[in-house]
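As structure tokens, the structure follows; a few thoughts come after it.
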2 protein chains.
Amino acid sequence: MYEQLKLDNQLCFRLYTAARLVMRAYQPYFAPLGITYPQYLVLLVLWEQDGQPVCDIAKRLMLDTNTVTPLLQRMEKAGLVVRQKGKEDTRQRIVTLTEKGMAMREQMASVPECLGADVVSKVGSADEVLAMIPALDKLIGGLKSIDE
Amino acid sequence: MYEQLKLDNQLCFRLYTAARLVMRAYQPYFAPLGITYPQYLVLLVLWEQDGQPVCDIAKRLMLDTNTVTPLLQRMEKAGLVVRQKGKEDTRQRIVTLTEKGMAMREQMASVPECLGADVVSKVGSADEVLAMIPALDKLIGGLKSIDE
DNA sequence: ACAAAATACATCGCACACGATATATTTTTA
DNA sequence: TAAAAATATATCGTGTGCGATGTATTTTGT
């Protein structure tokens, strides 16, 4: 009875747990630099394309501005980015990396590989884990289309 | 350059996003009942085995007591559980479902299926998504062993 | 051109997560 | 058995996520 309400039968619990544990695994690399995992994601977005308005960053990370705005405010206070009023559209806030924010790119360059190695050393092989990517993208695409 | 720092090359971002979007997809089912996703997880644990100490619930969900204790306090205030001092070990707090907490099991019984149907209607097929489960378990097992 | 709708950002409140720390109780160990 | 270590829970502070709401600016529809 209630088979579908067993914790071990739930995909969602696995996703929730895996996401938390991955963030936790990143902690040792982030803590010395004084950044958090979501802040790292913002940096990834800005390293690819600097000088974006808040809404574009939010869209890329699939977050809302009520999450991203305070996040960027903290990052500005930490000296990682600056937020300037847009020239064409004054509603916008253009977010730009500071020297410190750009410099962090080199400091972080080896981290994904290190973490990958950490995981592989425990899991055994990376292939099975990386093979999830297409299915995750499919799931994310489907879930994203639910609320719009 | 910096290929490994591209957002689209990161497994972790997919896990983080998928977990958030799944929780969001659950929202319409939880909101009318006044519970949250983590509270639902606690209910899953207690429906399987009622009357557990805080530490066992935390262990099952791979969370710490500093997350679970306030969670249970809110659930007690909401009338879903009671927390009583343990008889053998008075350090423990035994968490037990109330009538309301137990009744919610039937109200939730069809939710995982409904959500599954929601996702399948968008993703197309469930097989590829469900096929991730063994890899997720492997990943979780590996990550868990990193910090201990 | 001008009122209405849409957009961009911000603020507020609440509920997690989690590191750090504190307290009480049990278990272990010398 | 008494001190030390381990365990169970709780509290505090910070940083997200996100629903609800507010404000300013741009775009749209007539």
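Below, each value reflects all heavy atoms present in this structure, side chains not excepted, and no hydrogens, waters or symmetry copies. Chain identifiers are assigned alphabetically (A, B, ...) following the order of the sequence lines, protein sequences preceding nucleic acid strands; residue numbering begins at 1 within each chain.
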May I have the distance from [X] (atom [atom1]) to [N] (atom [atom2]), rounded to whole angstrom?
| X | N | atom1 | atom2 | answer |
| --- | --- | --- | --- | --- |
| Asn66(A) | dG22(D) | CG | C1' | 13 Å |
| Leu72(B) | dT9(D) | CG | C1' | 11 Å |
| Asp64(B) | dA10(D) | CG | P | 14 Å |
| Leu63(B) | dA8(D) | CG | C1' | 16 Å |
| Leu61(A) | dT16(D) | CG | C1' | 13 Å |
| Arg20(B) | dC18(D) | CZ | C1' | 10 Å |
| Lys85(B) | dT9(D) | NZ | C1' | 8 Å |
| Tyr16(A) | dT16(D) | OH | C1' | 13 Å |

Partner of Asp89(A) by salt bridge (charged side-chain N to carboxylate O under 4.0 Å, His left out), out of Arg91(A), Lys87(A), Lys85(A) =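 That would be Arg91(A); it is the only one of Arg91(A), Lys87(A), Lys85(A) passing the salt bridge (charged side-chain N to carboxylate O under 4.0 Å, His left out) with Asp89(A).
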Atom CG of Leu136(B) and atom CD of Glu128(A): how far apart are they, to the nearest 0.5 Å?
-> 9.5 Å
About how many Å separate CZ of Phe13(B) and CD1 of Ile140(A), when rounded to the nearest 0.5 Å?
->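 The distance works out to 7.0 Å.
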Nearest-nucleotide comparison on DNA chain C, the residue closer to the 5′ end among Val54(A) and Met23(A) =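 Upstream on the strand: Val54(A).
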Answer yes if the ring centres of Tyr37(B) and Tyr16(A) are under 6.0 angstrom apart, and no otherwise.
-> yes
Keeping the roles fixed (side chain from Ser121(B), backbone from Asp118(B)), state whether a donor-acceptor pair exists under 3.5 Å.
-> yes
Under 3.5 Å, is there a donor-acceptor pair between the side chain of Thr98(A) and the main chain of Gly101(A)?
->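 Side chain of Thr98(A) to backbone of Gly101(A), a donor-acceptor pair under 3.5 Å: yes, one is there.
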After noting the C-alpha distance and the side-chain angles of Leu97(A) and Leu80(A), does the key distance pass the side-chain contact (heavy atoms from CB on, under 4.5 Å) rule?
-> CA-CA 6 Å; Leu97(A) 289 163; Leu80(A) 295 168; 6.0 Å; no
Is any side-chain N or O of Thr67(A) closer than 4.0 Å to OP1 or OP2 of dG17(D)?
->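 It does not, given that no N or O in the side chain of Thr67(A) lies less than 4.0 Å from OP1 or OP2 of dG17(D).
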State whether Arg83(B) places a side-chain N or O below 4.0 Å from either non-bridging phosphate oxygen (OP1 or OP2) of dA10(D).
-> yes
Which part of the nucleic acid, if any, lies within contact of [X], taking any heavy atom under 4.0 Å across all strands shown: a base, the sugar-phosphate backbone alone, or nothing?
| X | answer |
| --- | --- |
| Arg74(A) | base |
| Gln27(A) | nothing |
| Thr36(A) | sugar-phosphate |

Near-strand residues of residues 87-100 of chain B, defined as heavy-atom separation under 4.0 angstrom from DNA chain D |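 Within residues 87-100 of chain B, the residues near DNA chain D are Arg91(B), Gln92(B), Arg93(B).
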First and last nt of DNA chain C near chain A, cut-off under 4.0 Å to heavy atoms, 5' to 3', are dA6(C) to dC18(C)
Flag for Gln107(B)-Tyr29(B): side-chain donor and acceptor within less than 3.5 Å = no
With a 4.0 Å cut-off, would you call Asp8(B) and Arg14(B) a salt bridge?
-> no
